[in-house]
Amino acid sequence: MINVLFFARLREELKTASETLDYAPEIATVGAVVALLRLRGGVWQDVFGDGQTVLAAVNQEMCDMDAPVSDGDEVAFFPPVTGG
Amino acid sequence: MINVLFFARLREELKTASETLDYAPEIATVGAVVALLRLRGGVWQDVFGDGQTVLAAVNQEMCDMDAPVSDGDEVAFFPPVTGG
Amino acid sequence: MNQIKVQKEPFDMTTIQEELRLASPGIGAVVTFVGQMRDINEGDTVSTMTLEHYPGMTERALQAIVDEADERWDLMGIRVVHRVGPLQPLDPIVLVAVASAHRGEAFQACEFIIDYLKTRAPFWKKEQTPDGERWVDARHSDDQAESRWKQ
Amino acid sequence: MNQIKVQKEPFDMTTIQEELRLASPGIGAVVTFVGQMRDINEGDTVSTMTLEHYPGMTERALQAIVDEADERWDLMGIRVVHRVGPLQPLDPIVLVAVASAHRGEAFQACEFIIDYLKTRAPFWKKEQTPDGERWVDARHSDDQAESRWKQ
């Protein structure tokens with residue numbers, strides 16, 4: 001299982017804050033998780049589409065799309081941060 | 001008349017905080033005032049001697065040795081500042 | 001020695017700064033940055049702001065930034081406090097305070113921490129304006145500010 | 001909008017910072033520098049320090065520095081408070097606080113003001129150490145810090 005979280009604009013547009021995905025070797029990187037989500041079409045394709053800046057974190061560490069994903073990981077997606 | 005002030009280490013070494021000098025055209029610059037004081041010899045020569053860093057202000061504005069001095073001015077001498 | 005807090009409640013700047021500066025008589029300089037909510041952004045009036053964050057990751061990200069500052073400079077204490085939840089104009093949003101023996105290091109570390117926080121800590125601002133709600137966009141100037149520190 | 005004070009009495013950082021930051025809801029950043037007395041200088045224990053100044057010129061020099069900061073950057077308020085007379089370790093000596101819409105300007109102006117104060121404002125420190133009294137020497141590093149701002 002992979003716990004997937006969405007924050008801020010993404011959470012609102014996707015109308016979900018979190019979901020769990022069954023782990024499979026096909027989603028062994030962050031980019032592969034994104035590709036899987038995009039396949040759902042509609043708003044998923046929009047949010048994760050080309051030209052969108054989506055940041056990712058695995059187990060609460062920011063990472064790029066090549067970062068590995070293992071069974072049990074927490075994978076989060078969110079827009080560029082704007083705190084401070 | 002020129003009101004001459006001494007601060008900090010200079011005040012202590014010269015054992016005086018202020019004095020007044022009669023104005024004369026020969027002391028029309030800060031450097032000329034320094035030369036006059038140095039002529040007194042002893043501690044005056046030490047304090048204003050070569051190799052000593054003495055800062056000056058005319059009418060409460062820091063200035064260099066070429067700065068003009070007029071009758072009625074306040075001329076101050078002091079070591080490099082160390083506040084803050 | 002260093003403290004990081006993420007909280008809904010207002011923070012007390014005085015207590016934080018006093019506790020930091022009194023920690024050692026070897027401290028010669030304390031530099032404090034306070035970021036507060038402005039009533040205007042990109043030309044529009046903003047009446048309220050809501051700060052969302054990623055609990056857990058936020059603290060880790062702030063800790064990593066503070067640890068990096070501590071490695072780069074010779075410091076004697078760091079405090080970072082960031083508010084989340086609803087905020088009004090003039091409310092302090094974030095405080096970064098750094099103590100050191102000499103001022104140069106405190107200034108650099110304080111600015112470094114807030115620059116990195118702006119691009120690396122998972123906070124998101126949503127503004128309420130007369131035209132409705134909107135998410136605040138990331139600023140290019142914040143990316144530039146961060147990139148200064150990469151040598 | 002700007003305030004300069006030279007005083008024997010301790011100052012209240014909280015009141016100064018609060019009054020500054022609440023002056024306008026357009027203020028987004030407040031950077032504060034506090035310099036405080038260290039119990040050690042050049043390897044020696046310092047029990048007390050006495051700050052002498054040049055009344056009249058001090059205020060003029062500080063005003064000139066603050067005016068120059070105001071010209072160089074887009075600021076929304078400046079406070080400078082400097083103590084004179086006897087001080088103990090951990091006593092705040094000087095506070096410089098700068099408010100602006102955005103943080104970059106507040107950081108730069110605050111550091112500029114303290115750098116210039118260190119080389120241009122007529123204050124002199126005398127330390128009491130176990131070996132007796134001594135005047136503090138000017139630091140070369142302060143001249144270097146000042147020269148950064150001359151472009």
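The chains referred to below are lettered A, B, ... by the order of the sequence lines, with proteins before strands, and numbering in each begins at 1.
- Both the backbone and the side chain of A8(A) have a heavy atom closer than 4.5 Å to some heavy atom of chain C.
- Between chain A and the residues L95(C), V96(C), D137(C), D143(C), the largest count of heavy-atom pairs under 4.5 Å involves D137(C).
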Could you go through F6(A) and L37(A), starting from their C-alpha distance and side-chain angles, then the distance that decides it, and tell me whether this counts as side-chain contact (heavy atoms from CB on, under 4.5 Å)? CA-CA 12 Å; F6(A) 307 103; L37(A) 297 175; 4.1 Å; yes
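- With contacts defined as side-chain heavy-atom distances shorter than 4.5 Å, the pair E13(A)/D46(A) does not qualify.
- With a 4.5 angstrom heavy-atom cutoff, L55(A) does not touch chain C via any of its atoms.
- Around atom CG of D22(A), no more than 12 heavy atoms belonging to other residues, nucleotides or ligands sit under 6.0 Å away.
- When only modelled atom types and interatomic distance are considered, S100(C) and E105(C) share no side-chain donor-acceptor pair under 3.5 Å.
- Looking at A121(C), only its backbone comes within 4.5 Å of chain A, counting heavy atoms on both sides.
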